[in-house]
Asker: 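Provided herewith is a single structure, encoded as structure tokens, for subsequent inquiry.
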Amino acid sequence: MVKEHGHNRRGRSWPRPVGAAVAVVAGAGVVALVLVAERAGSGLSTFDHVGPVEMAKSVGTVEGPNGPMPHAQISLAVYPDSMAGEHGSGGGAHPSWVSYSATNLWVPAHAVVTFTIRQYDSSTATLDPYFNRVVGTVGGVAYYNGRSASALGSQSVAHTFTIHGIPQTGQPTVFVSVPLLGAPSNAPAQANGYPAPAIVRFSIVTGGSGDYVFQCFVPCGTGYNGWGGPMESQGYMAGNLVVGKG
Amino acid sequence: MVKAESFRSQHHLRFVMVAWAVASVIGVALSVMIMKAVLRPAASPQMADQNLTIVVFTAVAVPVAFFVLTFVGYSVWRFRTKGMPTEDGPPIRGNRLAFVLWPSVSAALCVFLLVWGLYGMTKVGTFGTPVGQGGMFGGTRSDPLVVEVTGQQWLWTFTYPSEGGFETTKLVLPVDRQVEFKVTSLDVVHSFWIRAFGVKIDAVPGQVLYTNTTPTQLGTFTARCVELCGLYHAYMQNQVDVVTAASFAAWVQSQAAPVHATAVGT
């Protein structure tokens, strides 16, 4: 009886059972890889951060909804261009694009986090009035130059600072949206060349750790209805927010 | 020269047909069991119909697939040759039974799929028209709760016009009540999908498209965008809560409180 052999690319032969075993092992490997990838599907939210991370600073404790909680503060700015944020004084690839001052934010889990946002841009009417409202903050309000408000008039809003995330990955669902008051267009320029900013301050209570995104919902970019350019580009009017992970 | 064997031999044909029948019975039973285990539970009649469609179509496809695989597998095994073959197999001509059965069975399967699909479409508004107003494909209207769904990069918002017109980012629906979604977009094309409800429809800027469902399971689900729409498309997901009618009324009451804009100057 002639023993059956297969042939490899160099013409050398190996027993058919070996080829079959290799095929079975390779197939099992592919299946295992698919299963591992499926299991790791929740890793969608675990993005790699490009660029510097703006870290919230611990400032002691504060009274939270259920007693004292760690308190942290973080600052951010919104500029009418990209010349003063993390893109550097040259403005990067798109110096004329409106931008947040940072792309990656980190805040602690299970803490009260107070955001202070200096908003240097002038007002743009919101397209969706929902984003005139303050949602998800402590007390349902934000403080605009020291005055509390739960909503702004549509014509007063320059941008929004809106945090949201993926609910099905096991991390807490977070939705925070704060309209950012426009700086008066006739305000005198400061030393940095921008008008005096509107100071927006608000606090949120964080839950467990998770990866979220923040973005603006006032179409302040280019293209159709202003949704293009900086509105659809990370590092301008969109960025990442990590809760709790070091 | 040895006369080439072929499937004209009743022995071969009988063996293959028996093997095909056995494989099909086992395959159909296994496929139904596997499909029922793999498919997630339906939370609406539409999704139940879609799950049933997947199970039935799989069960129908299994004998067709095994028919091909059995013939190919048996041929490869029984008529294998070492080295290059020296001649072609004998041509097959004039098999009237095969000529009648092949197109007839194929046509019957296609008609079955068509009728099944059309029947499914009559049960839900699938052409973007308001529920009950799309002719035979408009579905049946039964006092639906209307929810306006707006897609914008990268979030859905929901407005309840019949409940005071408030807008939210969390979709809350009463159980066992028909819901009509009026879907649009402010920027690019999105696609509104709640898998558990079997609902999926494009959100097109400048147009309003309609679809409907009736949630039948209490719980928390996810609405997501399934049209690649930019940087944070993967994050364009909103929570969907299906609650009792009483809980829904209480939630509406809590949402309906007006929010007054405050004049804050700089």
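Chain letters run A, B, ... following the sequence lines, proteins first and then strands; every chain starts at 1.
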Asker: Do the non-hydrogen side-chain atoms of B/L155 and A/F131 ever get within less than 4.5 Å of each other?
Answerer: yes
Asker: Is it true that the side chains of B/Y232 and A/E232 contain a donor and an acceptor less than 3.5 Å apart?
Answerer: no
Asker: Can you find a side-chain donor-acceptor pair between A/D211 and B/Y235 that sits under 3.5 Å?
Answerer: no
Asker: Can you establish whether the number of heavy atoms outside B/R195 located under 6.0 Å from its atom CZ is more than 12?
Answerer: yes
Asker: Just so I know, are the side chains of B/N238 and A/F175 near enough to count as touching, which here means a heavy-atom distance under 4.5 Å?
Answerer: no
Asker: Measure distances from B/T169 to the heavy atoms of chain A and classify the residue's part below 4.5 Å as side chain, backbone, both or neither.
Answerer: both
Asker: Which atoms of A/N225 come close to chain B, meaning under 4.5 Å heavy atom to heavy atom: side chain ones, backbone ones, both, or neither?
Answerer: side chain
Asker: Identify which part of A/S177 has an atom lying under 4.5 Å from any heavy atom of chain B, answering side chain, backbone, both or neither.
Answerer: neither
Asker: Does B/Q153 use its side chain to pair, donor to acceptor, with the backbone of A/W227 at less than 3.5 Å?
Answerer: yes
Asker: What distance do A/M231 atom CE and B/W154 atom CH2 have between them, rounded to the nearest 0.5 Å?
Answerer: 7.0 Å
Asker: Tell me, side chain or backbone of A/Y143 under 4.5 Å from chain B's heavy atoms, or both, or neither?
Answerer: neither
Asker: Give a yes or no answer on whether the side chain of B/D187 reaches the backbone of A/Y224 with a donor-acceptor pair at less than 3.5 Å.
Answerer: no
Asker: To the nearest 0.5 Å, what is the distance between CG on A/L127 and CD on B/Q152?
Answerer: 7.5 Å
Asker: Where is the tightest heavy-atom contact between A/A238 and B/L231, given as atom of each residue plus distance?
Answerer: CB-CD2, 3.9 Å
Asker: Given the options B/T168, B/V188, B/T159, B/T220, which has more heavy-atom pairs under 4.5 Å with chain A than any of the others?
Answerer: B/T168
